[in-house]
Asker: 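Please see the structure below; I have some questions.
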Amino acid sequence: MILKPYAQTLFVVWGNQLLFLLSLILAPSLMMIPVAIVGLYLFGFMSEASIHRYYTHKSYTTTPFKERILRMFAVLAGQGATISWVTVHRTHHAFEDTAKDPHSPLFSPWWKILLGLFPTKYKNNLVIDLMRDRSWNYFVFENRYYWIIWMFIWAISYLISPWVFYFVVSGASLWYIATGAVNILSHGMVLGDRKFEDTVATNSAILNFFTCIGHHNNHHKNPRSYTYALKGELDIYGIIINKLFIAK
């Protein structure tokens with residue numbers, strides 16, 4: 001069975017949420033707390049370094065070998081197939097906090113944003129650069145079979161260890177919730193302040209502590225920067241990207 005691309009994203013996102021919840025109910029343990037916290041930040045880094053800052057915003061260059069690692073990070077992050085994710089997020093930046101923004105809390109209910117119930121029709125030319133990428137054939141394959149790939153990820157991780165399985169579903173789930181919270185609270189101007197008044201998004205030290213992507217006003221002012229931090233601010237993901245992935 002072949003699902004439409006964004007339906008596959010929802011299958012994986014909702015699947016991880018359900019499996020995370022079932023894990024907590026069926027086999028509760030105090031060790032689940034630190035494992036889930038580590039998963040949150042690790043999956044956050046994989047998502048930010050790959051599908052967000054590298055593939056969507058082209059905010060840095062890397063080596064061919066490290067690009068293959070980023071390609072692996074993009075699928076393992078569990079946030080959606082690369083083509084689909086890049087398309088939605090580039091639309092978000094192009095129409096920031098307008099009626100055409102696919103997940104602005106100023107125009108969409110918060111629960112729709114958390115559930116990933118975004119529009120499904122977008123311009124086809126938003127991924128022209130990816131079409132020229134040497135990984136394009138892989139991206140097409142990933143976009144077509146994303147849910148099947150994740151069925152294998154769930155099965156293999158469980159066969160390795162139930163703890164590995166829990167680490168995967170908790171990390172992917174919590175990161176999806178984290179990014180939804182940033183969109184809702186930052187673009188909804190619930191938390192934080194704005195250094196740059198020409199973008200609605202806010203910077204929040206609280207959100208930055210829990211997600212490492214709280215400097216959202218900075219990001220929307222300059223989405224082509226690999227780091228969200230300005231002078232005196234902290235972006236842990238940006239530091240790791242600079243140290244490990246940017247081609248020197």
Side-chain angles (χ1 to χ4, degrees), residues 37 40-62 66 70 73-74 77 79-80 82 85-108 110 113-114 116 118 126-127 129 171 174-248:
I37 292 173
L40 164 67
Y41 291 110
L42 180 59
F43 277 72
F45 173 73
M46 289 195 299
S47 177
E48 282 294 303
S50 60
I51 52 176
H52 192 187
R53 305 190 198 194
Y54 185 74
Y55 287 116
T56 299
H57 295 301
K58 303 294 182 180
S59 65
Y60 65 95
T61 58
T62 192
K66 291 179 180 179
L70 292 171
F73 282 177
Q79 308 304 299
T82 303
W85 203 96
V86 169
T87 298
V88 172
H89 197 70
R90 286 180 176 174
T91 304
H92 164 62
H93 275 267
F95 300 104
E96 177 190 347
D97 292 305
T98 68
K100 293 183 179 180
D101 187 333
H103 50 72
S104 170
L106 303 183
F107 293 90
S108 297
W110 66 268
I113 297 173
L114 275 184
F118 308 149
L126 292 175
V127 292
D129 58 312
L174 290 176
W175 184 248
Y176 191 85
I177 293 170
T179 56
V182 168
N183 279 318
I184 293 166
L185 299 176
S186 175
H187 285 278
M189 295 179 288
V190 176
L191 288 177
D193 51 59
R194 290 184 288 170
K195 286 185 177 181
F196 305 103
E197 294 297 326
D198 54 343
T199 174
V200 170
T202 59
N203 289 337
S204 168
I206 295 174
L207 285 177
N208 202 54
F209 177 80
F210 285 106
T211 68
C212 297
I213 56 170
H215 300 308
H216 212 57
N217 181 255
N218 297 351
H219 171 56
H220 272 266
K221 178 63 177 179
N222 186 14
R224 294 296 299 273
S225 173
Y226 74 89
T227 179
Y228 298 175
L230 299 179
K231 186 176 181 180
E233 297 171 338
L234 179 65
D235 177 2
I236 293 174
Y237 296 154
I239 292 172
I240 299 173
I241 289 170
N242 184 39
K243 296 294 185 182
L244 298 182
F245 284 94
I246 293 181
K248 304 299 184 182

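None of the values given here were measured: they were computed from a predicted structure.
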Asker: I'd like to know if the side chain of Tyr60 reaches the main chain of Thr227, judged simply by a donor and an acceptor atom lying under 3.5 Å from each other, with no hydrogens or angles considered.
Answerer: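 Not at all, since once roles are kept as given, no pair shorter than 3.5 Å links the two residues.
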
Asker: Would you call the rings of His52 and His57 parallel, tilted or perpendicular, where under 30° means parallel and over 60° means perpendicular?
Answerer: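 Rings of His52 and His57: tilted, as their planes differ by 30° to 60°.
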
Asker: Determine yes or no for a side-chain-to-main-chain donor-acceptor pair under 3.5 angstrom, with Tyr41 supplying the side chain and Phe210 the backbone.
Answerer: yes

Asker: Grab the two heavy atoms, one from Ser204 and one from Leu191, that are nearest each other, plus how far apart they are.
Answerer: OG-CB, 3.9 Å

Asker: When you compare the side chain of Asp101 with that of Phe107, does any pair of heavy atoms fall below 4.5 Å?
Answerer: no

Asker: So, taking the atom named CG in Asp235 and the one named CD1 in Ile213, what distance separates them when rounded to the nearest 0.5 Å?
Answerer: 9.5 Å

Asker: Kindly give the heavy-atom pair with the smallest separation between Glu233 and Asn218, and that separation in Å.
Answerer: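 Smallest interatomic distance, heavy atoms only, reads OE1-ND2, 2.7 Å.
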
Asker: Which atom pair, heavy atoms only, marks the closest approach of Thr202 to Leu185?
Answerer: OG1-O, 4.3 Å

Asker: Is a donor from one side chain sitting under 3.5 angstrom from an acceptor on the other, for His92 and His220?
Answerer: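 Checked: His92/His220 side chains pair up, N/O donor to acceptor below 3.5 Å.
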
Asker: Are Thr91 and His89 side-chain neighbours, meaning at least one heavy-atom pair lies under 4.5 Å?
Answerer: no

Asker: Specify the closest pair of heavy atoms between Tyr237 and Thr211, including all atoms of both residues, with the distance to one decimal.
Answerer: CE1-O, 3.6 Å

Asker: When you compare the side chain of Leu114 with that of Ile184, does any pair of heavy atoms fall below 4.5 Å?
Answerer: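 With C-beta onward as the side chain, the pair touches.
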
Asker: Is any side-chain heavy atom of Ile241 closer than 4.5 Å to a side-chain heavy atom of Phe45?
Answerer: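 Yes, at least one pair of side-chain atoms sits under 4.5 Å.
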
Asker: Look at the side chain of Ser108 and the backbone N and O of Pro105, then say whether any donor-acceptor pair between them is shorter than 3.5 Å.
Answerer: no

Asker: Shortest non-hydrogen contact from Gln79 to Ser47?
Answerer: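 In this case the closest contact between Gln79 and Ser47 is CG-OG, 3.8 Å.
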
Asker: Would you say CG of Leu106 has more than 12 non-hydrogen atoms from neighbouring residues, nucleotides or ligands within 6.0 angstrom?
Answerer: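 Yes, because the 6.0 Å sphere around CG of Leu106 holds more than 12 heavy atoms from other groups.
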
Asker: Please confirm whether the backbone N or O of Arg194 pairs with a side-chain atom of Asn203, one donor and one acceptor, at under 3.5 Å?
Answerer: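 Not a single qualifying donor-acceptor pair exists.
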
Asker: When you measure from the side chain of Asp97 to the backbone of Ser104, do you find a donor-acceptor pair of N or O atoms at a distance under 3.5 Å?
Answerer: no

Asker: Which value, rounded to the nearest 0.5 Å, describes the distance between Tyr54 atom OH and Phe73 atom CZ?
Answerer: 13.5 Å

Asker: Counting heavy atoms not belonging to Leu126, are there more than 12 under 6.0 Å from its CG?
Answerer: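 Counting neighbours around CG of Leu126, more than 12 heavy atoms of other residues, nucleotides or ligands fall under 6.0 Å, so yes.
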
Asker: Under a 4.5 Å cut-off applied to non-hydrogen side-chain atoms, are Phe245 and Arg53 in contact?
Answerer: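 No. Closest side-chain heavy atoms not under 4.5 Å.
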
Asker: How far does CZ of Phe95 sit from NZ of Lys100, to the nearest 0.5 angstrom?
Answerer: 4.5 Å

Asker: For Tyr55 and Ala74, which heavy atoms make the closest approach, and how far apart are they?
Answerer: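 The pair with the smallest heavy-atom distance is CE1-CB, 4.4 Å.
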
Asker: Any chance you could measure Leu174, atom CG, to Phe43, atom CZ, to the nearest 0.5 Å?
Answerer: 10.0 Å

Asker: Rounded to the nearest 0.5 Å, what separates atom OG1 in Thr61 from atom CD1 in Ile246?
Answerer: 7.5 Å

Asker: Within a radius of less than 6.0 Å around NZ of Lys195, do more than 12 heavy atoms belonging to other residues, nucleotides or ligands occur?
Answerer: yes

Asker: To the nearest 0.5 angstrom, please state how far the CD1 atom of Ile113 sits from the CZ atom of Phe118.
Answerer: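 Output value for this atom pair is 6.5 Å.
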
Asker: Hey, which of His93, Glu96, His187, His219 is the one that makes side-chain hydrogen bond (donor to acceptor under 3.5 Å, both in side chains) with Thr199?
Answerer: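 That would be Glu96.
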
